[in-house]
Amino acid sequence: MLKPRFSISLRLTLWYGVLFCLGGVLFGTAMWFNLKRTLTGERRGTLTRRIDRLESLLLKNQNGDLERAFRGFAHATGNGLVEIFEPGGQRALPSPSDAASDFAWPSVQGTRKVRFEEAESDGQQYWVMLRPFTLGGHAYILAAAAPEAGNQLVLDNFWTGLWESVPVFLLIASASGYWISRRALGPVDRITAKARSISIRNLSERLPVSSAGDELQRLAETCNEMLGRLDASVNRMKQFTADASHELRGPLSFTRTVAEVAMRRPGIDAESRAAFREIVEETAKATTMLEDMLTLARADANSAADALGQVNLAAVMDETCEAARRIAGEKGLEMSVQRAGDGQVAVLGDAASLRRLLWIVLDNAIKYTESPGRVSVKLDTRPAGRADTGWGDAVLEVSDTGIGISEADLPHIFERFYRADPSRSEVDGSGLGLAIASWIAELHKARLEVVSQERKGTTFRVLFPLVDARVAAAHR
Ligand code: ADP
């Protein structure tokens with residue numbers, strides 16, 4: 001699957017920034033054209049009014065001194081840019097000002113209706129208006145001009161301002177885009193963190209649901225419904241395992257007792273006795289497996305989390321090793337037990353569970369080591385510094401010189417019913433021992449570690465939090 005390179009919030013920020021900026025520039029450009037149209041309209045209005053006034057002046061003075069009146073009018077307009085042309089292009093009256101006579105008027109020939117156009121004179125842009133006019137049956141073209149410079153300056157300033165504001169636009173847009181996306185996607189982070197923490201052990205927990213009524217709320221609710229269904233199914237499976245193990249215990253122990261009684265009956269032939277012995281042995285194994293399954297079923301239901309008290313791990317170790325030493329001896333294995341200190345290693349725990357944990361690891365060490373070989377048990381303490389409690393560790397280590405565990409098997413050995421290699425089926429076992437051991441370790445807030453090398457041996461290490469003096473006093 002292709003991994004996205006940008007987070008959604010970053011992409012939203014970029015999109016928002018670009019779109020907002022583009023919108024700003026488009027809006028600015030539209031405003032610029034609008035301004036230009038308004039200014040042009042305003043110029044046209046000024047020129048129209050000017051020619052209107054010229055028309056009324058001509059009408060009023062048609063029988064008087066037209067030339068003087070025209071000159072007076074031109075001076076009154078400020079820039080003096082007015083002219084009266086014949087339709088052929090010649091001036092009907094002399095130019096009223098130097099500015100008008102020097103001005104590069106556009107050709108007036110063929111002007112039959114009002115014309116409004118741009119012209120350049122002396123390096124400057126102008127708007128020119130030409131309008132036909134009839135006075136006393138004679139046709140004229142009235143012309144007036146106004147400079148564009150003022151308008152152009154306004155338009156140029158507007159345009160420069162628009163482009164200068166682009167980075168500011170971009171910054172504001174990106175910042176608001178980021179803020180909006182963080183706000184919108186904040187719940188996603190919370191949902192992700194919670195979803196990550198949910199596993200088969202805490203399926204009853206649920207994702208946080210906002211009350212925004214949005215898609216994220218629907219997503220969280222849908223995931224929670226799915227978690228609910230999964231939880232119910234897993235609970236049914238757990239219940240089934242617990243019930244089945246429980247129900248099978250009775251018939252199994254009955255079978256075993258019957259076989260034991262039959263085996264001891266006098267006069268039974270050797271073949272039948274061997275068959276009954278096999279039944280007894282197999283039912284014993286099946287009973288152990290059922291007990292293990294029940295233990296795990298209870299662990300799943302958390303019903304075995306009995307109150308923990310202060311336990312001397314050194315004493316638990318001595319007791320358990322005593323029993324293991326006999327079995328190891330029978331198998332021709334050397335066994336060494338080593339412990340530091342004065343024989344007092346206080347941990348918070350349940351003595352029976354701790355014995356079981358140590359027994360599982362010890363039993364495996366003996367089972368998977370061939371003679372001649374050695375099993376070593378070591379108990380030591382480490383100074384304070386655990387990340388979770390700040391206390392020290394009691395380190396219990398069981399090493400063997402046995403067959404070892406392959407790298408491929410190592411990550412799976414704590415799974416239920418996992419047995420490393422089919423060839424090991426020669427060794428009795430159910431594949432449940434280490435699953436129970438890791439549950440007991442978890443119950444004691446202990447860390448269960450393993451290092452192994454094939455054909456060299458295996459070391460299991462359990463790190464228990466040492467009880468500090470104050471806690472020890474409270475549990476004494
Ligand atoms: P089992 O009943 O099979 O011993 P466990 O859960 O105790 O089940 O162990 C799981 C698997 O881990 C074993 O089948 C075995 O392959 C491997 N294993 C455990 N301890 C050792 C050990 N000390 N040396 C070699 N293999 C081991």
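For ligands, and for the atoms within them, numbers begin at 1 and follow the listed sequence. FYI, side chains are in, hydrogens and waters are out, and symmetry mates aren't considered; it's all heavy atoms of this structure.
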**Q** Identify, by atom number and element, the atoms of ligand 1 in contact range of Ala420, meaning under 4.0 Å from any of its heavy atoms.
**A**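 What qualifies from ligand 1 is 14 (O), 16 (O).
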**Q** If you measure from each non-hydrogen atom of Ile405 to ligand 1, which part falls under 4.0 Å: side chain, backbone, both or neither?
**A**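 For Ile405, the contact with ligand 1 is made by the side chain alone.
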**Q** Going by the atom numbers of ligand 1, which of them fall below 4.0 Å from some non-hydrogen atom of Gly431?
**A**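 Taking each heavy atom of Gly431 in turn, ligand 1 has 1 (P), 2 (O), 3 (O), 6 (O), 8 (O) under 4.0 Å.
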**Q** Report yes or no: do Arg356 and Thr295 form a side-chain donor-acceptor pair below 3.5 Å?
**A**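 Side chains of Arg356 and Thr295: pair found under 3.5 Å.
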**Q** Between Lys331 (side chain) and Thr369 (backbone), is there a donor-acceptor pair under 3.5 Å?
**A**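 Yes: the side chain of Lys331 pairs with the backbone of Thr369.
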**Q** Applying side-chain contact (heavy atoms from CB on, under 4.5 Å), run through Leu39 and Arg43 and close with a yes or a no.
**A** CA-CA 6 Å; Leu39 290 174; Arg43 271 284 178 271; over 6 Å; no
**Q** Yes or no: does Gly402 have any heavy atom under 4.0 Å from an atom of ligand 1?
**A**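 No, Gly402 has no heavy atom closer than 4.0 Å to ligand 1.
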**Q** Would you call the rings of Trp163 and Trp159 parallel, tilted or perpendicular if under 30° counts as parallel and over 60° as perpendicular?
**A**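 If you compare the ring of Trp163 with that of Trp159, the planes turn out perpendicular.
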**Q** With heavy atoms of Tyr418 as the reference, note each atom of ligand 1 found under 4.0 Å away.
**A**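 Those qualifying, in numeric order: 10 (C), 11 (C).
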**Q** Hey, is Val361 touching ligand 1 through its side chain, its backbone, both or neither, going by heavy atoms under 4.0 Å?
**A**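 None of Val361 does.
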**Q** Under the side-chain contact (heavy atoms from CB on, under 4.5 Å) criterion, do Ile180 and Leu12 qualify, and how do the steps go?
**A** CA-CA 9 Å; Ile180 290 173; Leu12 273 180; over 6 Å; no
**Q** Of all the atoms in ligand 1, which lie at a distance below 4.0 Å from a heavy atom belonging to Asn364?
**A**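 Ligand 1 atoms under the 4.0 Å threshold to Asn364: 4 (O), 5 (P), 7 (O), 9 (O), 19 (C), 20 (N), 23 (N).
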**Q** Output the list of atoms in ligand 1 that are nearer than 4.0 Å to some heavy atom of Lys367, sorted by atom number.
**A**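 Going through ligand 1 atom by atom, the ones under 4.0 Å from Lys367 are 1 (P), 2 (O), 4 (O).
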**Q** Please verify the inter-ring angle class for Phe464 with His444; under 30° counts as parallel, over 60° as perpendicular, anything in between as tilted.
**A**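 Phe464 and His444: perpendicular rings.
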**Q** With no hydrogens and no angle check, is any side-chain donor or acceptor of Asn202 less than 3.5 Å from a backbone partner on Glu205?
**A**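 No; judged by distance alone, with no hydrogens or angles, the pair does not exist.
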**Q** For ligand 1, which atoms sit closer than 4.0 Å to a heavy atom of Gly433?
**A**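 Those of ligand 1 that fall under 4.0 Å from Gly433 are 5 (P), 6 (O), 7 (O).
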**Q** Give the atoms of ligand 1, by number and element, whose distance to some non-hydrogen atom of Gly429 is under 4.0 Å.
**A**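 In order of number, 2 (O).
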